[in-house]
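Residue numbering restarts at 1 for every chain, and letters A, B, ... go by the order of the sequence lines.
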There are 2 protein chains.
Amino acid sequence: MCAKGTELSERKKLILKALVEAHIEGGEPVGSKYITQNNLLSCSSATIRNEMAELEQMGYLVQPHTSAGRVPSEMGYRFYVDTLVEQYARTTHEVGQINQLLKAKMAEIDQILETASRLASSMTNYTGIAIKPKASSVTMSKFELVSMDENNFAMVMITSGGAVKTKKVKTTGTVREDDLRRLAELFNECLCGLSADMITLPIIMEMENVMGDSAFLVTPAVKCVYEVMSEIDGGTMRLSGINHLLKYPEYSDTQQLGQLLGTLESKDEILDLVSQAESDDINVLIGSESPVKVMNNSSLVFKPIKKHGKTIGVIGVLGPRRMNYKQVLQTIDEITGSISSMMDEEAPIKELSEKGEHHGGE
Amino acid sequence: MCAKGTELSERKKLILKALVEAHIEGGEPVGSKYITQNNLLSCSSATIRNEMAELEQMGYLVQPHTSAGRVPSEMGYRFYVDTLVEQYARTTHEVGQINQLLKAKMAEIDQILETASRLASSMTNYTGIAIKPKASSVTMSKFELVSMDENNFAMVMITSGGAVKTKKVKTTGTVREDDLRRLAELFNECLCGLSADMITLPIIMEMENVMGDSAFLVTPAVKCVYEVMSEIDGGTMRLSGINHLLKYPEYSDTQQLGQLLGTLESKDEILDLVSQAESDDINVLIGSESPVKVMNNSSLVFKPIKKHGKTIGVIGVLGPRRMNYKQVLQTIDEITGSISSMMDEEAPIKELSEKGEHHGGE
DNA sequence: ATTTAGCACTCGCACAAAAATAGTGCTAAA
DNA sequence: TTTAGCACTATTTTTGTGCGAGTGCTAAAT
C-alpha cells in the first residue's frame, strides 16, 4: 500500500521493535513510559512520545483511543516481521530435539504431518496446522491385487508420487486368484498414468470385454481407483492445540472464535489460502492480509515441505496477530527443515535392528 | 448414590420433566411461575414452589442462589435421561437422510467415522466425536509384498479384523522380485496370527537365517509390522464442530474451555473412558459421572458401532450438561444404526456401474 | 389435607455516578 | 534536540442504588 520504503530512522526502528515485542509479550497497548523503563533506550518518555506520534502518522502504530498506549498496526507487524525474517538466526540447539521427536514417529506422511503440527503447537504455544495440499493430478504407477477371501480382495495402488494406497473391494461373485492376477495385469496396462478424468467409459468397457467371465470384477475395482484418486486430490487439514488459542484475550469473543473454528474445520478456505500463497519459503499472513475475513486479528505462519522439489505438505501455526514471530518463524523453519532432510535420506531403517539387538542387553 | 427409587409422585415427575426441558431450552434457571404459565400444569405457582422445594431436598434440583429459579442437578438430569431412554420413539423420517449422506461417503472405516461424527455434530448442534477404540490385540492374517522400485517395496497387511494396511519400506540394498516373494511366504508362515509382543527376536533371527543373502530385508519389514500393529492398537479420536460448543454460555469461561479442549485433544482419557463404559448400547455420561474432571459441566452421549458383534468404532456427542437429550439420543441411535446395517450389507457396489452408464446420457 | 393467595425478604444484576489510572500532547526550559 | 512538567482525556475500576425475579412462609380457601 503506502510503502514509503525505509524512511525509518534507526531509532524509530528500535522503538518499533521494542514496542512490538512488548505488545506481543503483554497483549496490552504499550505506552511511552513502559519503553523507557524496561528497554535500554537512552532517552526519556517524552522523546519516545514524539517518535511514536510520528510512527503513528506513518501508519506503523495505532492507538485504540486517546490516552491509551500504542499498538502495532498491521503495517507495523509487517515491518517487524520483514526485518526479522532477514536476520533471524537459527539457534540450533532445539533442532536435535525436533529430530528426535520426529524420528520416533516416522511413518506415513500423514502421521508425520500430524506429529509436526503437534510439535509446532507445543513448541510455540499457538495452534498448529498441518496441511496436505490438493494434488493437482494424481496418476497411478502400479496396481497389485491381493485376495482376502472369497468375496473380498484388496487393491494396492502406488501413485505417481510414490504413495501407497489400499482399498478393500467387495465383489458380487466369487473371486479366483487367477482372475485377480489377470485383472491386475490389465489395470497395470490400461490405467497406469491416467488421471481420474481420463478413465472413460470406453476404457472400462474394453476391460470388461477382456476379462470375459470375470467382467463383474472390473467395475467395483475401477470405482476404487476413482475413490482413491479423488481422496488424494482432496487435501487434508489437521489442527492441534486449539486450546492454546483460548489463552489469548483476543479470542475471548466467543462469537468470533466460534466462527473462526468453524472456518478452520470446513478447511476449504484454508486449503485454498495455503496452496495459493505458496512462496516456497516461509509465509507470514498478518491479519487482513489473509482473504479469509474471519482471521482479521489472527496471523498465520506456514511453510511448505518439499520432497524432490514437490510440495507434499504444509506446516504452520495460527495465533493472534501479536504472535511471537521470532520464535514461530524459527520453529517452523526448523521443523520443516528437519522433515525435509529426513525425507531425503528416508527412513532410518537401521534403528530397529539396533534396537532389537540392544533389547537383549538392556 | 442416594437412589431412593421411584419415590417421585406423578406430578413431581411432570414438574421435573418440564423444568429440565425448559432449562435445556433457555439455559437459565427456571422459576415456578414460568412453569405454570408455559406448561399445562393445572396448579398455581405456589404449589409448584412447594413441589420444587421438595424436589430440591431430594436432590433433583439445585438453586444457584437464593431467589433464583431452580436448575436440574446431575441427579435430576440422570432421572430425566433414564426415563427418556425407555420411551423415546424413533421418528424415522430423518433416517433416510442419514443413509444417503453416509452412503455417499462410504469408504474406509476412518472415513465413515469421520463423516458420522460430522453428521452427528451438524444434526445436534453439539460437538461430534468419532472414536476408533484400541484393538486389544491385533494379528495379521495375510502379507503381500509389492515392489515399487529398486530400493522400495510396499507391504500390504491384512489384519485379523479384515482391515487392510499398507506401509512403504525402504531397503538398504537392491530388492529382487524373487526375494520379495520368498519374504512374503516367510512372513505368512511365521508371523500370521502373532500379536505384536509375540514377535520375538529369535523369530526374527530365524527368518533372517532363512532368507540368507537377503536377510537385510527382514528387519525393516518386521519393523513395519510392528508399527502397523501398534498404530492400529492405538485408537483414534476425531472431533468435529467444536465451534458449536461456543454457542452455549456454559463454555464461556475460556479458562475451563481451554482445559477441556486440551483434554479432548490428548484423547487418551476419552479413549479410556469410552472403552471402559461400553454398555453396548447408548451411554449417557452426565457431568461428574465422567471420571474426567474437566468435563464436570458437560455431558457425553455415545454408542458403539458393532460389526459382527465386534466394536469397530464409537460415535458420540459432547455438549453442555443441559443438552437436548431427547434429540441427541435419537440422532446417535439412528446414525449408529445406519452405519451398522450398512456395514453388514457392505459396500453398495452396483452404484458406479450405474453412474458410469448414466454418465454418457447426461 | 391439600391447594392457593398474598406478602416480606433475599439476592443478583444492570445501570449510573464517582474515583482512580494511565498515557498523551503541548509548552517551555535545558 | 531532548527533557521535564502539566493540563487534558478516555478508560477502567469502584462504589452505590433500585429493580425484578423468585423464593419461603403464613394464612385463608377449598
Side-chain angles (χ1 to χ4, degrees), chain A residues 7-16 18-23 25-73 76 249-250 252-253, chain B residues 7-16 18-23 25-73 76 249-250 252-253:
Chain A
E7 286 181 26
L8 290 185
S9 74
E10 211 49 47
R11 190 170 64 190
K12 283 206 179 59
K13 285 187 193 171
L14 237 56
I15 292 178
L16 183 53
L19 194 143
V20 169
E21 281 170 1
H23 180 63
E25 176 82 18
E28 276 149 33
V30 8
S32 53
K33 203 168 162 190
Y34 182 91
I35 290 190
T36 51
Q37 284 177 339
N38 297 45
N39 289 79
L40 335 100
L41 269 278
S42 51
C43 52
S44 79
S45 64
T47 315
I48 305 282
R49 272 203 292 282
N50 286 331
E51 296 281 47
M52 291 208 301
E54 289 184 48
L55 280 170
E56 180 169 11
Q57 246 188 337
M58 298 190 217
Y60 291 100
L61 296 181
V62 161
Q63 69 184 150
H65 52 259
T66 342
S67 95
R70 304 307 213 286
V71 162
S73 71
E250 27 271 90
S252 57
D253 179 357
Chain B
E7 286 181 25
L8 290 186
S9 75
E10 211 49 47
R11 190 170 64 191
K12 282 205 180 58
K13 285 186 194 173
L14 236 55
I15 293 178
L16 183 52
L19 194 144
V20 169
E21 281 170 1
H23 180 64
E25 175 79 18
E28 275 150 34
V30 9
S32 53
K33 204 170 164 190
Y34 182 91
I35 290 190
T36 51
Q37 284 178 341
N38 297 45
N39 288 79
L40 334 100
L41 267 280
S42 50
C43 51
S44 79
S45 65
T47 315
I48 305 281
R49 272 203 293 282
N50 286 331
E51 295 282 47
M52 291 209 299
E54 288 185 48
L55 279 171
E56 180 170 10
Q57 246 188 336
M58 296 189 218
Y60 291 100
L61 297 182
V62 161
Q63 67 183 152
H65 53 258
T66 343
S67 96
R70 304 304 213 287
V71 163
S73 72
E250 27 272 90
S252 57
D253 179 358

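Residue B/Arg11 contributes atom CZ, which lies 4 Å from atom P of C/dT3 at whole-angstrom precision. Atoms CD1 (A/Ile35) and C1' (C/dA22) sit 15 Å apart, rounded to a whole Å. Counting to the nearest Å, the C1' atom of D/dT2 and the CG atom of A/Leu41 are 14 Å from each other. Nucleotide D/dC25 holds its C1' atom 15 Å from the CD atom of B/Glu54, rounded to whole Å. When the P atom of C/dT4 is taken as reference, atom CD of B/Glu51 falls 11 Å away, rounded to whole Å.
Between A/Leu55 and A/Arg70 there is no side-chain heavy-atom pair separated by less than 4.5 Å. A 4.5 Å side-chain heavy-atom check between B/Tyr60 and B/Leu19 finds every atom pair outside the cut-off.
In this structure a side-chain-to-backbone donor-acceptor pair under 3.5 Å is missing from A/Thr36 to A/Ser45. Judged by distance alone, with hydrogens and angles left aside, the side-chain atoms of B/Ser32 form no donor-acceptor pair with the main-chain N or O of B/Ile48 at under 3.5 Å.
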- Query: Going through the checks in order, is the side chain to side chain contact (heavy atoms under 4.5 Å, CB included) test met by B/Leu16 and B/Glu51?
  - Reply: CA-CA 9 Å; B/Leu16 183 52; B/Glu51 295 282 47; over 6 Å; no

- Message: Once pairs are restricted to Watson-Crick or G-U wobble with both distances under 3.5 Å, how does DNA chain C read as a dot-bracket string, [ ] for crossings and | for other-strand pairs?
- Response: ||||||||||||||||||||||||||||||

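The line from CD1 of A/Ile15 to NZ of A/Lys12 is 7.5 Å long, rounded to the nearest 0.5 Å. Expressed to the nearest 0.5 Å, how far CG of A/Leu61 lies from NE2 of A/His23 amounts to 10.5 Å. Here the CD-OH distance, from B/Glu28 to B/Tyr34, works out to 10.0 Å after rounding to the nearest 0.5 Å.
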- Task: Using a 4.0 Å cut-off on protein heavy atoms (strictly under), produce a 5'-to-3' string for nucleotides 9-24 of chain D with B for base contact, S for backbone-only sugar-phosphate contact, and - for none.
- Result: BBS---------BBBB

